[in-house]
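Data first, discussion second: the structure below is written as C-alpha cells.
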Amino acid sequence: MEKADFIWMNGEFVAWDDAKVHVLSHGLHYGTGVFEGIRCYETTQGPAVFRHREHLDRLQRSAGLYYLEIPFSTEELAAATRELISRNDFRSCYIRPLAYRGYGEMGLYADSAPIDVMIAVWPWGAYLGEAGKAHGIRAKVSSWRRISPAGLIPHAKASGQYLNSILAKTESAKSGYDEAILLDERGFVCEGSGENIFIVRDGQVVTPPHTASILDGISRRSIIQIARDLGYSVVERDVARSELYLAEEVFLCGTAAELVPVREVDDHPLGEPGEITRHISEKFEDALYGRAPEYAEWLDPVEVDDAEPQIEQVERITEAPGR
Ligand SMILES: Cc1ncc(COP(=O)(O)O)c(C=O)c1O
C-alpha cells in the first residue's frame with residue numbers, strides 16, 4: 001500500500017511509520033473493532049468526502065451494537081479526517097477510521113480495556129480494477145454463507161466479522177474469479193464480499209432487503225435514490241440464486257469498489273454492462289465527483305492548500321534537463 005505522511009491516533013497526528021499498537025491489544029486477539037471505508041474525491045469544487053456523516057454515523061452505530069463507546073463525537077472524527085487529508089496533502093484518497101478495544105485487559109468481557117481510535121488515509125484505486133468497472137467482473141457464488149443474524153450482526157461493520165468475507169473472497173480468488181457473491185443462511189442472494197448487489201429483471205431494479213443479512217451499504221442507499229430519481233422502479237426483495245443467471249443486468253456497489261457491473265456469474269454470461277447499469281453508474285459518478293447539483297449535500301468539502309504538493313515540485317526539479 002502507498003504510505004501517507006500522517007495517521008490520526010486518539011487525537012494526535014502521528015508519523016505513518018510510528019502508528020503502532022501493543023501486541024496484547026484486545027482487538028488483535030478477538031476482532032473487537034468497528035471500522036468504516038470512506039472515500040474523498042477530487043470534485044469540481046475541490047476535495048470532498050462522500051457521505052461523510054452517514055459513514056461516521058454507521059461507525060457509531062456499529063460500535064454501539066458491540067457495546068463499544070467511541071470516546072470522540074461524530075463531529076470530532078469528521079474534523080480530524082478533514083484535517084488529516086489536508087495535512088497529507090491529498091486531493092482524493094481512501095479513508096479508514098477504526099475504533100477497537102486496545103491494550104489493558106484480556107478475556108472476553110474486557111470492559112476496562114480502552115477504546116482506541118485511529119484514522120488513516122491513503123491513495124487507493126478502484127478495488128476491483130478499472131477494467132472491471134468498465135467491462136464488468138466475473139463473480140462466483142461462494143460456498144460460504146454470509147454471517148447469520150442468529151450468530152453475529154450483519155448490520156455492524158465489525159472487524160471480526162470480516163473473517164467471513166475473507167473466506168469467501170479467498171475462495172473466489174483462488175478459483176480464478178474477481179469476486180464472491182454470498183447467499184444468506186436461507187440460501188437467498190445477500191451481497192458481494194465487500195459490496196451490495198443489484199440485479200435488473202424485466203426492467204426493474206431489485207436488491208436484497210435488510211432481512212437478507214446485508215450490510216446497510218451507503219453506496220446501496222445512494223444508488224436506490226439515484227435509480228428512483230432517474231425514474232426506475234426499485235424494489236427491495238429476496239433474490240433467488242437462479243435470478244443472478246436470468247437477470248438482464250447485475251452490478252455490485254461499495255465504497256472501495258464503487259459501482260461495478262458483473263459480466264458473468266458462475267460461468268453464466270451476462271455480457272457487457274447493460275443500459276440501466278450504465279445510466280445509474282454515470283449519475284452515481286456525477287454525484288461522487290460533484291457534477292450532480294441535486295446530490296451536492298452528499299459531499300463534505302475539505303480545505304486544502306492550493307499550492308502544488310511539495311513532492312511533485314521536488315520531482316519536477318530533479319527531472320529538469322541539465323540537472
Ligand atoms: C460486507 C460489505 N457489504 C457491503 C458494503 C458496501 O457498503 P458501503 O457502500 O457503505 O461501502 C461493504 C463495504 O463497506 C461491505 O464490507
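Heavy atoms only: backbone and side chains are in, while hydrogens, waters and symmetry mates are out. Whatever order the structure lists ligands and atoms in, that order sets their numbers, starting from 1. This one's a predicted model, so the numbers in the text were calculated from it and none came from an experiment.
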Arg58, Glu191, Glu54, Gln161: member with heavy atom nearest to atom 2 (C) of ligand 1
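When every heavy atom of Arg58, Glu191, Glu54, Gln161 is considered, Glu191 comes closest to atom 2 (C) of ligand 1.
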
| message | Regarding atom 6 (C) of ligand 1: of the candidates Asn196, Leu259, Leu252, which has the closest heavy atom? | response |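 It is Asn196 that holds the nearest heavy atom.
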
Between Glu297 and Arg53, is a salt bridge (Lys or Arg N to Asp or Glu O under 4.0 Å) present by the stated rule, with each step listed?
-> CA-CA 11 Å; Glu297 66 187 25; Arg53 171 160 277 282; over 6 Å; no

Asp184 meets the salt bridge (charged side-chain N to carboxylate O under 4.0 Å, His left out) criterion, sequence neighbours left out, with Arg186

Q) Angle class for the Tyr94/Trp122 ring planes (parallel below 30°, perpendicular above 60°, tilted otherwise)? A)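 Tilted: the ring planes of Tyr94 and Trp122 meet at 30° to 60°.
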
Parallel, tilted or perpendicular: which describes the rings of Phe251 and Phe198, with under 30° parallel and over 60° perpendicular?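 Answer is parallel, since the angle falls under 30°.
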
Polar contact flag for [X] and ligand 1 (N/O pairs, less than 3.5 Å):
X      : result
His55  : no
Ser219 : yes
Ser165 : no

What atoms of ligand 1 come closer than 4.0 angstrom to any heavy atom of [X]?
X      : answer
Thr255 : 8 (P), 9 (O), 11 (O)
Tyr162 : 1 (C), 2 (C), 15 (C), 16 (O)
Gly217 : 7 (O), 8 (P), 9 (O), 10 (O)
Ser193 : 1 (C)

- Mark yes when over 12 heavy atoms from residues, nucleotides or ligands other than Glu76 sit less than 6.0 Å from its CD; otherwise mark no. yes

- Should Gly194 be listed as contacting ligand 1, given a heavy-atom distance under 4.0 Å as the test? yes

- prompt: Thinking salt bridges, do Arg91 and Asp89 make one under a 4.0 Å N-O criterion?
  reply: yes

Whether Arg82 and Asp300 form a salt bridge (side-chain N of Lys/Arg under 4.0 Å from carboxylate O of Asp/Glu) is what I want to check.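 Counted as a salt bridge, because a side-chain N and a carboxylate O are separated by less than 4.0 Å.
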
Which of Arg58, Arg96, Arg61 passes salt bridge (Lys or Arg N to Asp or Glu O under 4.0 Å) with Glu36? Answer is Arg58

shortest atom 14 (O) of ligand 1-to-protein heavy-atom contact is with Lys157 NZ, 2.7 Å

